[in-house]
Amino acid sequence: MSTATIETPRPEFLEVELQPAPPRRRRRMKRKTVNTIVWFVALLALTAIVLYPLVWLVFATFKPSSEFGQNPGLIPDSPTIDNYVKVVEGIGGTPLWRFFANSLFIAVMAVIGTLVSSALAAYAFARIRFRGVGVLFAAMIGTLLLPFHVIIIPQYIIFNKLELVDTYWPLILPKFLATEAFFVFLIVQFIRNIPRDMDEAARIDGAGHLRIFVSIILPLIKPALITSAIFTFIWTWNDFLGPLLYVNSPEKYPLPIALRLYNDATSTSDYGATVAVSFLALLPILIFFIVFQRFLVDGVATQGLKG
């Protein structure tokens with residue numbers, strides 16, 4: 001009894017031999033690879049140029065004060081950690097952690113005040129129809145053209161009559177009054193891109209403006225709120241003029257004012273400690289930005305949202 005062998009035909013596409021890419025295509029692929037490498041090297045060099053000041057600052061914190069002005073290079077000749085020891089001990093009898101705590105308190109309260117007041121004002125401009133809304137909105141936008149230095153004297157007179165000088169109220173209270181027109185305008189644009197049908201549906205169910213704002217609008221404008229929080233935190237943390245005007249007691253100084261104490265033009269300046277405290281003051285901003293940077297991208301991406 002013979003067994004028949006069944007031969008399975010091979011697919012035709014397996015019999016096709018791979019042909020080498022034509023010369024024109026190979027040249028195009030090679031040129032594309034070269035362009036990619038050139039762009040990568042150029043961007044890497046640009047990144048190195050941009051980051052060099054930060055890298056120099058990190059290495060400079062280990063330079064003794066006598067080396068500044070003599071060694072402008074990156075690597076210190078005589079590395080030391082004495083700068084950090086001096087900074088941690090503080091200055092004028094006030095420890096460094098107190099300056100950090102003061103700056104953190106002011107920045108956090110400024111963020112809370114800006115978000116609450118700007119979001120409420122933006123909802124009123126975007127969703128509530130009342131007489132003069134257009135004029136008020138235009139006036140608010142017009143304040144963006146008003147320099148801060150114009151209102152310094154009248155603002156100081158007001159807070160001085162209220163006996164709020166040498167307190168944090170002049171730095172915090174305006175944030176709760178929706179004085180940041182830029183953030184109000186930013187949030188207004190987000191709210192206007194949200195379909196009104198959602199508001200109407202909630203209003204049919206008996207929801208008022210507060211319920212609509214908290215339950216519907218607030219979750220949808222999260223990217224705008226986080227973007228506003230990032231910029232408010234950075235601007236408040238780096239603010240020098242405001243605390244210089246209103247804060248007089250050394251134990252209430254935030255970091256920017258404390259930084260000036262290490263570099264006094266009327267006496268000997270400790271450049272090593274100045275650089276060290278500058279780097280330590282920069283760390284919270286870097287950490288805050290790195291943690292929330294993806295929300296900045298989300299904020300830009302959602303600008304194109306349409307109802």
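Values below: every heavy atom of this structure, side chains too, minus hydrogens, waters and symmetry copies.
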Give every donor-acceptor pair under 3.5 Å between a side-chain atom in residues 34-41 and any protein atom, sequence neighbours left out.
from, atom 1, to, atom 2, distance (Å)
N35, ND2, R31, O, 3.3
T36, OG1, K32, O, 2.9

* To do: Assess R192 against F185: is NZ or CZ under 6.0 Å from the centre of the six-membered ring, and within 45 degrees of the ring's axis?
  => no

* Tell me, please, which residues at least two apart from W56 pass ring pair (Phe, Tyr, Trp, His ring centres under 6.0 Å). => none

* Structure fact -> Tightest non-hydrogen contact, residues A119 and L225, listed as CB-CD2, 4.1 Å

* To do: Group every Ile, Leu, Val, Met, Phe, Trp and Tyr by side-chain heavy-atom contacts under 4.5 Å, then state whether F125 and L144 land in the same group.
  => yes

* **side-chain hydrogen bond (donor to acceptor under 3.5 Å, both in side chains): pairs with one or both residues in residues 120-143, sequence neighbours excluded** => Y123-H209, R127-D199

* **Side-chain (T114) to main-chain (A229) donor-acceptor, under 3.5 angstrom** => no

* Check: W97 and V88 side chains under 4.5 Å, non-hydrogen atoms -> no

* **D166 (side chain) donor-acceptor with S249 (main chain) under 3.5 angstrom** => yes

* To do: Before giving the answer on side-chain contact (heavy atoms from CB on, under 4.5 Å), spell out for I191 and I221 the whole-Å C-alpha distance, their side-chain angles and the decisive distance to 0.1 Å.
  => CA-CA 7 Å; I191 296 178; I221 61 173; 3.8 Å; yes

* Structure fact -> Between the CD1 atom in I152 and the CD1 atom in I157, the distance rounded to the nearest 0.5 Å is 12.0 Å

* Asked: Quick check: are there more than 12 heavy atoms from other residues, nucleotides or ligands sitting under 6.0 Å from CD1 of I81?
  -> no

* Say you draw a straight line from CG of L74 to NZ of K63; how long is it, rounded to the nearest 0.5 Å? -> 7.5 Å

* Asked: Nearest 0.5 Å, what's the CG-CG distance between L96 and L280?
  -> 6.5 Å

* Is the backbone N or O of L164 less than 3.5 Å from a side-chain atom of T167, with the two atoms forming a donor-acceptor pair by type? -> yes

* Determine, step by step, whether M109 and K175 satisfy the side-chain contact (heavy atoms from CB on, under 4.5 Å) criterion, reporting the C-alpha distance in whole Å, the side-chain angles of both residues, the deciding distance to 0.1 Å, and the verdict. => CA-CA 8 Å; M109 293 302 296; K175 307 296 183 180; over 6 Å; no

* Asked: Has the side chain of E67 got a donor or acceptor atom that lies under 3.5 Å from a matching backbone atom of S78?
  -> yes

* Structure fact -> Taken in chain and number order and not counting sequence neighbours, the residues that satisfy side-chain hydrogen bond (donor to acceptor under 3.5 Å, both in side chains) with D239 are none

* Structure fact -> d(I217 CD1, I194 CD1) to nearest 0.5 Å is 4.0 Å

* What heavy-atom pair brings A124 and F130 nearest, and what distance separates the two atoms? -> O-CE2, 3.7 Å

* Are L220 and L210 linked, directly or through other ILVMFWY residues, by side chains that come within less than 4.5 angstrom of each other? -> yes

* Asked: Between T80 (side chain) and P64 (backbone), is there a donor-acceptor pair under 3.5 Å?
  -> no

Let me have the donor-acceptor pairs involving side chains of residues 99-106, under 3.5 Å, with sequence neighbours excluded, atom names and distances please.
from, atom 1, to, atom 2, distance (Å)
N102, OD1, Y168, OH, 3.2
N102, ND2, R98, O, 3.2
N102, ND2, E251, O, 3.0
N102, ND2, Y253, O, 2.9
S103, OG, F99, O, 3.4
S103, OG, L255, N, 2.7

* **NZ/NE/NH1/NH2 to OD/OE distance under 4.0 Å, R203 and E200** => yes

* To do: Following the transitive rule for hydrophobic clusters with a side-chain heavy-atom cut-off under 4.5 Å over Ile, Leu, Val, Met, Phe, Trp and Tyr, establish whether L43 and V55 coincide in one cluster.
  => no

* Structure fact -> Scanning both residues in full, the closest heavy-atom pair of T236 with A107 reads CG2-CA, 3.7 Å

* **Check: E163 main-chain N/O paired with W169 side-chain donor or acceptor under 3.5 Å** => no

* Asked: Which atom pair, heavy atoms only, marks the closest approach of V275 to A60?
  -> CG1-CB, 3.8 Å

* Would you say the side-chain atoms of T179 pair up with the backbone N or O of P174, donor to acceptor, closer than 3.5 Å? -> yes

* To the nearest 0.5 Å, how far apart are CZ in F240 and CG in L245? -> 9.5 Å

* To do: Hey, can you tell me if W235 and F231 have their rings parallel, tilted or perpendicular (30° and 60° cut-offs)?
  => tilted

* Structure fact -> Residues I216 and A202: closest non-hydrogen pair is CD1-CB, 3.4 Å

* Asked: If you measure from CZ on F190 to OG on S228, what distance do you get to the nearest 0.5 Å?
  -> 8.5 Å

* Do any N or O atoms from the side chain of N83 and from the backbone of T61 form a donor-acceptor pair under 3.5 angstrom? -> yes

* Taking atom CD1 of I153 as the centre, does the number of heavy atoms from other residues, nucleotides or ligands within less than 6.0 Å exceed 12? -> no

* Excluding sequence neighbours, so at least two apart, what forms ring pair (Phe, Tyr, Trp, His ring centres under 6.0 Å) with F62? -> Y84

* Asked: Could you walk me through whether V247 and V165 pass the side-chain contact (heavy atoms from CB on, under 4.5 Å) check?
  -> CA-CA 7 Å; V247 181; V165 176; over 6 Å; no

* Cluster question for you: counting only ILVMFWY and a side-chain heavy-atom cut-off of under 4.5 Å, with indirect links fine, are F59 and V50 together? -> no

* To do: Describe, in one word, how the ring planes of F159 and Y246 are oriented to each other, choosing from parallel (under 30°), tilted (30 to 60°) and perpendicular (over 60°).
  => perpendicular

* Any side-chain heavy-atom pair of N238 and P256 under 4.5 Å -> no

* Kindly work out whether a path of hydrophobic side-chain contacts (I/L/V/M/F/W/Y, heavy atoms less than 4.5 Å apart) joins V58 to I287. => yes

* CZ/R196: more than 12 non-hydrogen atoms of other groups inside 6.0 Å -> yes

